[in-house]
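The block underneath contains the structure these notes are about, expressed in structure tokens.
On a predicted model such as this, the values are computed, not experimentally measured, just so you know. Computation of the quantities below employed the complete heavy-atom set of this structure, encompassing side-chain atoms and omitting hydrogens, waters and symmetry-equivalent molecules. Proteins get letters first, then strands, A, B, ... in listed order; numbering begins at 1 in each.
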2 protein chains.
Amino acid sequence: MDELRLLHGNICQALGDPKRIQILYALHDEPRHVSALACALDMPQPTVSRHLRVLRQRAMVKTERYGPAVVYSITSPKIIAILDEMRNFLRQTLERQSNILS
Amino acid sequence: MDELRLLHGNICQALGDPKRIQILYALHDEPRHVSALACALDMPQPTVSRHLRVLRQRAMVKTERYGPAVVYSITSPKIIAILDEMRNFLRQTLERQSNILS
DNA sequence: TCCATGTATTCGTCTATCCGAATACATACA
DNA sequence: TGTATGTATTCGGATAGACGAATACATGGA
């Protein structure tokens, strides 16, 4: 199996969790530190931290430390553009058939 | 949790398996029936069939029957465009840092 | 109807992922 | 150095996903 394909799949897999998508959109809206994210998205702090680690390992988000707080932000808006295109693809699909996944 | 976001994650998750990415690219190259896919990609036929089911449930591939054989094809080239953009994103990332995921 | 071809599903098992709870770690400041 | 604040990790259990092997199902023709 080609390594590039493995990484390719890894990127997609990281996007496979709805919470991580939610986090990416929230960070695109504006960079935040972990607790602020946890509060805004109504998730426990460790959960947010774990998801952020996954995104960071794939270089989708980057960090900057301000004292004890760590501010996360989107590495590149391109990932959001890709997510938006997926959403459009999904919408088109739903228009054609409303029984997707059911 | 928003249902659209769940579906959004579901689409991404379906792309999260390298073999499914491989299958999508192969079908984009040209439509094939299951056995031809299995042979070309060197996977057992049940494995290919299972992955195709996942892609079909998400409307990424469609089928047409010719006798006992079932020919699968890409529903829309858009999904390939999205995969290509991901690949580009991945390449850019690898240029910046070569230790991704390590 | 029986058989050949091709496809889909089931079963059992293994692995990966996710979560809550608890806790360890890091930083800044008194 | 001790404490407060904020972040990351570990642990155990539950759940989902993927695989090989075997088998069931579907179609068309003899």
Side-chain angles (χ1 to χ4, degrees), chain A residues 1-2 5-24 26-27 30-73 101-102, chain B residues 1-2 5-24 26-27 30-73 101-102:
Chain A
M1 182 78 65
D2 183 33
R5 186 174 298 117
L6 277 177
L7 291 175
H8 201 173
N10 238 300
I11 293 281
C12 295
Q13 189 187 18
L15 299 176
D17 189 300
K19 292 189 179 179
R20 284 198 284 268
I21 294 179
Q22 207 175 352
I23 288 174
L24 284 173
L27 291 182
E30 66 173 334
R32 300 169 212 246
H33 60 276
V34 181
S35 299
L37 257 182
C39 180
L41 304 181
D42 195 29
M43 304 179 194
Q45 175 266 323
T47 295
V48 173
S49 189
R50 270 186 303 234
H51 284 306
L52 284 171
R53 179 173 54 177
V54 173
L55 296 173
R56 190 175 11 125
Q57 284 172 332
R58 281 136 182 101
M60 295 181 189
V61 299
K62 60 187 177 190
T63 62
E64 196 169 353
R65 186 176 273 279
Y66 292 101
V70 177
V71 172
Y72 279 78
S73 56
L101 285 180
S102 63
Chain B
M1 183 78 66
D2 182 34
R5 185 174 298 119
L6 278 177
L7 292 175
H8 201 173
N10 240 302
I11 294 281
C12 295
Q13 191 186 17
L15 299 176
D17 189 301
K19 292 189 179 179
R20 284 198 283 269
I21 295 179
Q22 208 175 350
I23 288 174
L24 284 173
L27 291 181
E30 65 173 335
R32 302 169 212 245
H33 60 276
V34 181
S35 299
L37 256 182
C39 180
L41 304 181
D42 195 28
M43 303 178 194
Q45 176 266 321
T47 295
V48 172
S49 189
R50 271 186 305 236
H51 284 306
L52 284 171
R53 178 173 55 177
V54 173
L55 296 173
R56 190 174 12 124
Q57 285 172 333
R58 281 141 182 96
M60 297 181 187
V61 299
K62 61 188 176 191
T63 62
E64 195 169 354
R65 185 177 274 280
Y66 292 101
V70 178
V71 171
Y72 280 78
S73 57
L101 286 181
S102 64

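For A/His51, the side-chain hydrogen bond (donor to acceptor under 3.5 Å, both in side chains) criterion is met by A/Arg20, not counting sequence neighbours. Applying the salt bridge (charged side-chain N to carboxylate O under 4.0 Å, His left out) rule to B/Arg32 yields the partners B/Asp29; only residues at least two apart in sequence or on another chain are considered.
The minimum heavy-atom distance linking A/Leu27 with A/Tyr72 is given by the pair CD2-O, 3.5 Å.
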(request) List the protein contact pattern of nucleotides 23-30 of chain C with one symbol per nucleotide (5' to 3'): B for base contact, S for sugar-phosphate-only contact, - for none; contact means a heavy-atom distance under 4.0 Å. (result) ----BS--
(request) Any chance you could list the contact pattern along nucleotides 14-19 of chain D? Use B for base contacts, S for sugar-phosphate-only contacts and - for none, protein heavy atoms under 4.0 Å, 5' to 3'. (result) ---SSB
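Remark: A/Arg53 CZ to A/Gln57 CD distance equals 6.0 Å, nearest 0.5 Å. Taking CG from A/Leu55 and CD1 from A/Ile23, the interatomic distance works out to 6.5 Å, rounded to the nearest 0.5 Å.
Counting to the nearest Å, the C1' atom of D/dG6 and the CE atom of A/Met43 are 18 Å from each other. Rounded to an integer number of Å, the gap from CD1 of A/Ile23 to C1' of D/dT7 is 14 Å. The distance from atom CZ of A/Arg53 to atom C1' of C/dA16 is 14 Å, rounded to the nearest whole Å. Nucleotide D/dT7 holds its C1' atom 16 Å from the CD atom of A/Glu64, rounded to whole Å. Between B/Leu52 atom CG and C/dG6 atom P the separation is 16 Å, expressed in whole Å.
Using a 4.0 Å cut-off, some side-chain N or O of A/Ser35 falls inside it from OP1 or OP2 of D/dT7. The shortest distance between the side-chain N/O atoms of A/Tyr72 and the OP1/OP2 oxygens of D/dG6 is not below 4.0 Å.
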Which atom pairs, one a donor and one an acceptor, fall under 3.5 Å between side chains of residues 35-46 of chain B and the rest of the protein, sequence neighbours left out?
none

Under 3.5 Å, side-chain donor or acceptor atoms of residues 63-70 of chain B against the rest of the protein: list the pairs with distances, not counting sequence neighbours.
{"from": "B/Glu64", "atom 1": "OE2", "to": "B/Tyr66", "atom 2": "OH", "distance (Å)": "3.2"}
{"from": "B/Arg65", "atom 1": "NH1", "to": "B/Gly67", "atom 2": "O", "distance (Å)": "3.2"}
{"from": "B/Arg65", "atom 1": "NH1", "to": "B/Pro68", "atom 2": "O", "distance (Å)": "3.4"}

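Judged purely by atom type and a 3.5 angstrom limit, A/Arg58 uses its side chain to pair as donor or acceptor with the backbone of A/Asn10.
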